[in-house]
Amino acid sequence: MLEAIRVSKKRNGRQVLRDVNLMLDKGEMVGVIGPNGCGKTTLVRLLCGEEEPDGGKVRFQGKDMAAWNQRERARQMAVLPQEGLPPISFTVEEVVAMGRHPHQGIWPWTVRDDHETVDRVLEQTGLTARRHRPVHLLSGGERQRVAIAKAMAQEPACLLLDEPTTFLDIAHQLSILDRIQRWRRECGLAVLVVFHDLNLAAQYCDRLLLMKEGAVVMEGTPPDVLRASWIDEVYGVKPIITNHPVSGVPQVLLQPQGEKLPFQLEVSAQPSPLKIHASTGRKSSDPVGLEPIKGFFSVTEQKHSHPVRTPAYRIEITENGRKTDAHLHKNR
Ligand SMILES: Nc1ncnc2c1ncn2[C@@H]1O[C@H](COP(=O)(O)OP(=O)(O)OP(=O)(O)O)[C@@H](O)[C@H]1O
């Protein structure tokens with residue numbers, strides 16, 4: 001449905017996007033993640049036709065983005081920019097109704113449909129009680145919900161959201177993302193979301209694009225992308241990755257830098273039945289003989305230090321009475 005082919009962009013002579021490829025299909029939710037300034041918003045602006053790439057091209061529904069007429073495109077694509085809504089004096093209902101403009105024709109019966117759509121969307125976003133309030137009297141989070149409601153009222157085939165949950169409390173983060181999730185499943189909506197919250201990205205997205213310095217460094221399912229090594233490489237922080245106990249998707253736990261666990265080993269089962277026993281061993285670069293599961297286990301007991309190089313340990317993992325050997329290195 002939406003495709004970026006080797007798009008590049010310079011700003012003030014500086015390359016801020018380099019050869020980015022992206023494919024968003026009907027019914028899919030793709031997350032774009034990466035540190036501040038890596039080019040996520042610039043990518044969204046190119047994808048929605050707000051700006052043109054210096055190199056490469058963007059295609060939407062098989063047609064070059066530059067060939068789309070603005071009104072026609074607004075019927076098919078809604079965009080929630082990072083800055084959200086300005087504090088304007090229109091009421092909540094008026095702003096949400098603006099989402100219907102691209103669909104409005106000269107026929108009076110369409111206006112009735114528009115009212116119904118606006119009422120439904122206000123209900124779905126929990127804004128019915130505030131429908132007559134001017135937007136400038138709302139909190140930042142409430143304004144964000146109005147912006148999302150306006151995009152929903154637009155009833156697009158493709159939705160681009162730049163950090164939609166930034167100002168929302170946890171209940172509204174979940175209710176808005178759940179609503180979008182249901183919408184894409186029921187109507188085949190294609191959704192691209194810029195996320196800073198990696199855990200929400202893992203919960204809701206089919207695929208993630210991890211960006212660094214204007215380029216995509218990794219793309220894949222949340223378990224492919226949300227690995228400690230990639231997060232360290234891109235954000236420069238060493239997280240603990242664990243699996244969500246219900247959904248099983250990776251979740252990123254942060255720990256204050258400088259207070260790292262003394263030892264970490266990437267293994268793969270729920271920790272509860274596992275016992276880890278550290279003992280003297282020889283150096284080995286890879287853990288061996290592990291089940292294909294993930295999680296971090298710490299070993300706090302130091303039994304042996306290699307006199308010259310990194311301390312190394314052979315450890316024994318016991319799971320339900322079954323023993324597995326692995327080698328472990330001190331986490332530097
Ligand atoms: N109007 C502009 N003029 C010059 N440079 C800009 C402009 N807008 C963005 N940039 C630069 O382009 C780079 C990419 O910015 P962009 O807003 O796309 O990053 P981002 O990944 O969305 O960041 P954040 O997570 O902070 O929102 C940054 O280095 C930024 O300073």
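Whatever order the structure lists ligands and atoms in, that order sets their numbers, starting from 1.
- Ligand 1 has at least one atom lying under 4.0 Å from a heavy atom of C38.
- Residue contacts with ligand 1 include R14, since one or more of its heavy atoms lies under 4.0 Å from the ligand.
- Checked by atom type and distance alone, the side chain of T242 never pairs as donor or acceptor with a backbone atom of Q251 at under 3.5 Å.
- T41 CB, 3.6 Å is the protein heavy atom nearest to atom 17 (O) of ligand 1.
- If you look at N36 next to ligand 1, the close heavy atoms, those under 4.0 Å, come from the backbone and the side chain alike.
- Atoms of ligand 1 lying under 4.0 Å from at least one heavy atom of H196, given by number and element, are 25 (O).
- Taking each of Q15, M211, R11 in turn, the one with a heavy atom nearest to atom 8 (N) of ligand 1 proves to be R11.
- Scanning for salt bridge (charged side-chain N to carboxylate O under 4.0 Å, His left out) contacts around E163 gives an empty result, with sequence neighbours left out.
- Contacts of T42 with ligand 1, taken as heavy-atom pairs under 4.0 Å, involve both backbone and side chain.
- The minimum heavy-atom distance linking L47 with A4 is given by the pair CD2-CB, 3.9 Å.
- In summary, the atoms of ligand 1 found under 4.0 Å from a heavy atom of P35, numbered by their order in the structure, are 21 (O).
- Applying the salt bridge (charged side-chain N to carboxylate O under 4.0 Å, His left out) test to pairs two or more places apart or on separate chains, those with a residue in residues 36-50 are R45-E51.
- With a 4.0 Å cut-off on non-hydrogen atoms, K40 touches ligand 1 through its backbone as well as its side chain.
- Between D224 and R207 no salt bridge is recorded (no basic side-chain N to carboxylate O distance below 4.0 Å).
- For atom 4 (C) of ligand 1, the closest non-hydrogen atom of the protein is N12 ND2, 3.4 Å.
- By the 3.5 Å distance cut-off applied to N or O atoms, V16 is not counted among the residues near ligand 1.
- A salt bridge is defined here as a Lys NZ or Arg NE, NH1 or NH2 lying under 4.0 Å from an Asp or Glu carboxylate O, and E52 with K9 fails to meet this definition.
- Contact analysis leaves G214 out of contact with ligand 1, as no non-hydrogen atom separation drops below 4.0 angstrom.
- Contact annotation: E163 has at least one heavy atom less than 4.0 Å from an atom of ligand 1.
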